[in-house]
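A short worksheet on the structure shown next.
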Amino acid sequence: MKRTLIKEILLSGEAGTEVNIKGWVRTKRGSKSVNFIAMNDGTCLGNLQVVADVASFDEDTLKDTTTGAALSVTGKLVASQGSGQSVEIQAEKIEVLGTADPEKYPIQPKKHTLEFLRENAHLRMRTNTFSAVFRIRHAMIFAVHKFFSEKNFYNIHTPIITSSDAEGAGEMFRVTTLPFDETPRNEEGEVDYSQDFFGKSTNLTVSGQLEGELAAMALGQIYTFGPTFRAENSNTSRHLAEFWMIEPEMAFADLNDNMDLAEEFLKYLIQYALDNCNEDLEFLAKRQEEDEKNKPKEERNMNLIEKLQFVADNDFVRLTYTEAIDILRNSKPNKKGKFKYPVEGFGTDLQSEHERYLVEKKFKKPVILTDYPADIKAFYMRVNDDNKTVAAMDILFPQIGEIVGGSQREERLDVLEAKMDEMGIPKEEMSWYIDTRRFGGAPHAGFGLGFERLISFVTGMGNIRDVIPFPRAPKTCEF
Ligand code: 4AD
Ligand code: MG
């Protein structure tokens, strides 16, 4: 018999229909005469209740239907006596496909802490919390493609192995096939990458932007959506060593077009989650409300769904970096009246405490900061007329801090080349990039959205390691 998904049964199952389901036991309770087994197959939050008359099954089968076991159940849908669901299955046949020793299976039917589940990351997707998070993650992937496709942006796969450092921050993972023991070295004692697989030094990409720019200067509007890698030694709840980034790039666009696109995109994604992931969001909202009760009143977060609707419905604040510095210098962020990292003035690189102050305390809205000092930003950003700032933008979100980073690109060949010289970026090795300015160069702009930061925001999960199925961070590379 063909398997029916539990989601379909809960949505539209009709009493009297004969069905087969396959899934995992969440809980079992019952009496001497009847067992009630709650089954989940991952397709939705809800469980389907299986009713098994003890007398109709052999003892071993029912003994093995413990939490975590995989079952195939065939039977008739009947109207449910219990509340919360319209149908249940009166089991005729139960096959135990895989047992889960209750003495050893770590995921028990109770609320586990997120720390415990992180330690059992290989099994945590079997909980309601994590299956909800990863269903929402899927919906967001789909919404990203839908948004851009509807706007005539083309998805470009940019390389994962690259020979350049797009961000110039030197946080790259090296890719090499050279043997550890007999690494070839030149006369100066440096590793001789000419003998390596690609004949040069290569690394995992930190961003698809530079290749994305090449594509935008041909296809007009493109976006990348791929894994990116950063060897920054940041053990925070906002950083991963491997994360996914969406990077749109538009030819014939300036910083204002860029901000408009980013704001529209973020609101679209959030509204998509509200419209399509309601059951999972309600579940996560309730989970967080329980956690919030343990916090002092002034530290409690807004209800997850209200927060998402608020961001989807309201304009973001737009202000320049210089204006933000003024605000920060004149503010008293806490009882002590001081930031941990003092804001000295123009040139200060904003820390997450500053960003969060602006968003959570000052404006209580997402903020787009523009026109950062050239010195603290990447080489490719367009220099403003003041010669001090660049046409950059960062979007700051409550509880997250920076969620988007982007800019208008330096399209003027002479200015770009001078900047590359100044920053010590090898022009010969990047002549492919400079060619976009040499041949048919035009104003263009783009940004990068950190996908996991988006998912953290949408799901309300406070730790970024809880929104990617297999997190990589310093000293964390299980699987
Ligand atoms: O600000 P970033 O470094 O910008 C770029 O990479 C540009 N090339 C983007 C572009 O203009 N096309 O990174 C963009 C975003 C950040 O705003 C943040 O959301 C996310 O990527 N991000 C990280 N997310 C998780 N873990 C990390 N270690 C991250 N580093 C950046
Ligand atoms: Mg950034």
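All values below were derived from every heavy atom in this structure, side-chain atoms included, with hydrogens, water molecules and symmetry-related copies excluded. Counting starts at 1 for both ligands and their atoms, following the listed order.
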The Mg ion (ligand 2) to nearest N/O/S of Asp394 less than 2.8 Å: no

Atoms of ligand 1, numbered as shown, that sit under 4.0 Å from any heavy atom of Arg238: 25 (C), 26 (N)

Asp291-Gln288 side chain donor-acceptor pair, cut-off 3.5 Å: no

Heavy-atom pair with the smallest gap, counting every atom of Arg238 and Ile400: NH1-O, 2.6 Å

Test item: side-chain donor near acceptor, Tyr433 and Glu213, under 3.5 Å: yes

Name, closest N/O/S atom of Glu402 to the Mg ion (ligand 2): OE2

Any Trp244 heavy atom less than 4.0 Å from ligand 1: no

For the student: nearest non-hydrogen atoms of Ala324 and Leu319, plus distance: N-CD1, 3.9 Å

contact_flag Glu402 ligand 1 heavy-atom lt 4.0 Å: yes

Heavy-atom gap Gly406 to ligand 1 smaller than 4.0 Å: yes

Which residue and heavy atom of the protein sit nearest atom 4 (O) of ligand 1, plus the separation: Glu167 OE1, 4.0 Å

Close approach of Met381 to ligand 1, heavy atoms, under 4.0 angstrom: no

Shortest non-hydrogen separation from Arg287 to His112 and the atoms involved: NH2-O, 3.5 Å

Non-hydrogen atoms of Phe252 and Ala442 that approach each other most closely: CE2-CB, 3.5 Å

Mode of Thr228 contact toward ligand 1 - side chain, backbone, both, neither (heavy atoms, under 4.0 Å): neither

Note, Phe346 side chain near Tyr321 side chain (heavy atom, < 4.5 Å): yes

Pick from Tyr223, Phe243, Phe397: the one approaching atom 22 (N) of ligand 1 most closely through a non-hydrogen atom: Phe243

Proximity winner for atom 12 (N) of ligand 1, if only heavy atoms of Glu247, Lys377, Arg453, Glu242 are counted: Glu247

Residue part near ligand 1, for Met245, under 4.0 Å between non-hydrogen atoms: side chain

